[in-house]
Protein chains: 2
Amino acid sequence: MAAARGQRGGDRDVPAAPNAAEVTMPIPPVSDTPMQRARAIPEAAVARLAVYLRVLSGMAEQGIVTLSSEELAAAAGVNSAKLRKDLSYIGSYGTRGVGYEVSVLVDQIERILGLTRSHSVAVVGIGNLGHALANYGGFPSRGFPVAALFDVDPDLVGVPVGGLPVSHIDDIPKVCAEREISIGVIATPPAAAQAVCDRLVAGGVASIVNFAPVVLQVPDHVEVRKVDLAVELQILSFHVARRADSMNVNGSALGNVDGVVIGR
Amino acid sequence: MAAARGQRGGDRDVPAAPNAAEVTMPIPPVSDTPMQRARAIPEAAVARLAVYLRVLSGMAEQGIVTLSSEELAAAAGVNSAKLRKDLSYIGSYGTRGVGYEVSVLVDQIERILGLTRSHSVAVVGIGNLGHALANYGGFPSRGFPVAALFDVDPDLVGVPVGGLPVSHIDDIPKVCAEREISIGVIATPPAAAQAVCDRLVAGGVASIVNFAPVVLQVPDHVEVRKVDLAVELQILSFHVARRADSMNVNGSALGNVDGVVIGR
DNA sequence: AGCCACTTGTGAACGAATGCACAAAGTGGC
DNA sequence: GCCACTTTGTGCATTCGTTCACAAGTGGCT
């Protein structure tokens, strides 16, 4: 509804679909963390920081050295106050009257997001989606090398996909431990997802991205992020219905019979 | 951190990267909406309703007729109070002392989410991901028939993918209008995304799912949901870093040298 | 019929996230 | 060296979302 309307999450996010939560680090009355200022960064802000980082990388490539919160906010699709607040969670790296230096922000956001180390990723389920993920060049370049692939299909095991041979899902715990996988991506059919998840956890993986339309049950120390296209579509559907309703209510559905509105 | 820990959004909630917002329908002092009670349903609740719907469908297939909020909540990975509140937004369809009838809930959630009509989907960008989406059987069966495919590549135009011939992206506005596409899915490389988005909008599409890692600029009446794997990975990376930090702080990193923690 | 055990639906308290508005801090011009 | 201008960083009010806790209803049992 705001002027600068961006996108939502998925909540993500939530949503987008956000099971809200603070990322507070209780850190009892122990002194303060020596380096890494990093106190309580709201979950939502973390997601946005990742977006800022991408926008900033693009800016850096274009040779932009300095920019104001207003400019960055516009490019990231958020309002400038929110942007400044988000940045303030990670420290004070701007110069009043001037703005921010792109390279500094990039460095700091990378530091906070833990991108100074690289995190090996395992993809489980080499179907259409798994293939796409295994071949996608965007991750290795951003510090997320795909270091293991798994599938049940015996015909697929051993076959290299995107330069990496596929292993059998029974070997998930062993291989994950060996290759120090930190993030598991589940791209299997729904029925297999929970079993795969359990094996990933057994292999020491504590971070999972789940593309399967299932609610995974995991121990407390494991973090799951869900990506569910069906849910996204249904959320959009809801808003379509909402819009249609409001038109019917204040009468005069602007000439659209039912369904898609063509004009505006 | 709660006991029943589920997943987050992609807010996409957060998600994932959620630009929070109410779904309030101002509906001035006009009487009350005649049918469709549907007043202000929080964005986050809508995302969860979609999840409940999926869980409930599974239950229905298993022949479950009735269940309590507690049971459904457990299966959906949320706490039961939240679940009941979410359901209360759409009306009172439970029976005190007994619980909910699965089929009733399914019907009502489908009604609220606008799933009584089907919504035609267009997929733009028939690369690895686009292929996966075009072939994925999960959407048609849930009321989201894929009715158009687009790509720039002339070699691909005309070729049927998943039974549907690919059209050229220049024809997006025309084809979308003709086939009454209500949802566009962008699966192109980042550089092409904004142009594709503009054409979808020109074709009357007011709901977009964007897989390209770009912030799309759209007019106010268009709704964009972003699905960004890189962001998801970075959020997980953040939490990994957080966890590692806290271990170093209260001393005694349980025998892990640096990086992945194997035990627990 | 009356009581008991159970489960929903929701008011109200709490907590998190957003947006506003301004003081603080720096720059460049004169 | 001072002033006018710009832009950050943040306290505060507000809005949005989650959780608690309990009254109100329902079915089963005696």
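This structure is a prediction, so every number in the text was calculated from the model and none was measured. To find a chain, count down the sequence lines: A is the first, B the second, and so on, and within it residues start at 1.
We find that CG of A:D86 is positioned 14 Å from C1' of D:dT8, with the value rounded to whole Å. Nucleotide C:dA25 holds its P atom 18 Å from the OH atom of A:Y93, rounded to whole Å. C:dT8 atom P lies 10 Å from atom CG of B:L72, rounded to whole Å. The distance between atom OH of A:Y89 and atom P of D:dG11, rounded to the nearest whole Å, is 11 Å. Between the CD atom of B:E43 and the P atom of C:dA17 there is a distance of 16 Å, given to the nearest Å. As rounded to whole Å, 13 Å separates atom P of C:dA16 from atom NZ of B:K82. What separates CG of B:L83 from P of D:dG17 is a distance of 17 Å, to the nearest Å. Rounded to an integer number of Å, the gap from A:E101 CD to C:dG26 C1' is 15 Å.
One finds no side-chain N or O of A:Y100 lying less than 4.0 angstrom from the OP1 or OP2 phosphate oxygen of C:dG26. An OP1 or OP2 oxygen of D:dT18 is reached within less than 4.0 angstrom by a side-chain nitrogen or oxygen of B:R48.
Shown here are the side-chain hydrogen bond (donor to acceptor under 3.5 Å, both in side chains) partners of A:R142, two or more places apart in sequence or in another chain: there are none. Every residue meeting the side chain to side chain contact (heavy atoms under 4.5 Å, CB included) condition with B:A75, not counting sequence neighbours, appears here in chain and number order: B:V55, B:M59. Qualifying side chain to side chain contact (heavy atoms under 4.5 Å, CB included) partners for A:V65, counting only residues two or more places apart in sequence or in other chains: A:E101. For A:S207, the side chain to side chain contact (heavy atoms under 4.5 Å, CB included) test picks out A:I183, B:L236, B:V240, B:R243, with sequence neighbours left out. B:Q194 is linked by a side chain to side chain contact (heavy atoms under 4.5 Å, CB included) to B:C197, B:D198, B:L216, B:Q217, counting only residues two or more places apart in sequence or in another chain. Under the rule for a side-chain hydrogen bond (donor to acceptor under 3.5 Å, both in side chains), the partners of B:D86 that lie at least two apart in sequence or sit in another chain are B:R48, B:Y52. Taking the side-chain hydrogen bond (donor to acceptor under 3.5 Å, both in side chains) definition, one finds that B:S237 meets it with A:H119, sequence neighbours left out. Under the side-chain hydrogen bond (donor to acceptor under 3.5 Å, both in side chains) criterion, A:S68 pairs with A:E71, sequence neighbours left out.
C:dC30 and D:dG1 make up a base pair, with Watson-Crick or G-U wobble contacts both under 3.5 Å.
Distances from the side chain of A:P42 to the nucleotides D:dG9, C:dA17, D:dT18 place C:dA17 closest. Comparing C:dG9, C:dC20, D:dT18 by their nearest atom to the side chain of A:N79 picks out C:dC20.
Side-chain atoms of B:F144 and B:S118, non-hydrogen and from C-beta on, never get closer than 4.5 Å to each other.
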So which protein N/O to nucleotides 26-30 of chain D N/O distances come out below 3.5 Å?
from, atom 1, to, atom 2, distance (Å)
D:dT26, O4', B:R96, O, 3.0

Dump every N/O contact between nucleotides 12-14 of chain D and the protein below 3.5 Å, one line per pair.
from, atom 1, to, atom 2, distance (Å)
D:dC12, N4, A:K85, NZ, 3.4

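In summary, the side chains of A:R84 and A:S69 do present a donor paired with an acceptor at a separation below 3.5 Å, with no hydrogens or angles considered.
Residue pairs meeting the salt bridge (Lys or Arg N to Asp or Glu O under 4.0 Å) criterion with at least one member in residues 57-70 of chain A: none, sequence neighbours excluded.
The stretch residues 62-70 of chain A touches DNA chain D through A:S68, A:S69, each having a heavy atom within less than 4.0 Å of the strand.
Salt bridge status for A:E43 with B:R242: absent, with no side-chain N to carboxylate O gap under 4.0 Å.
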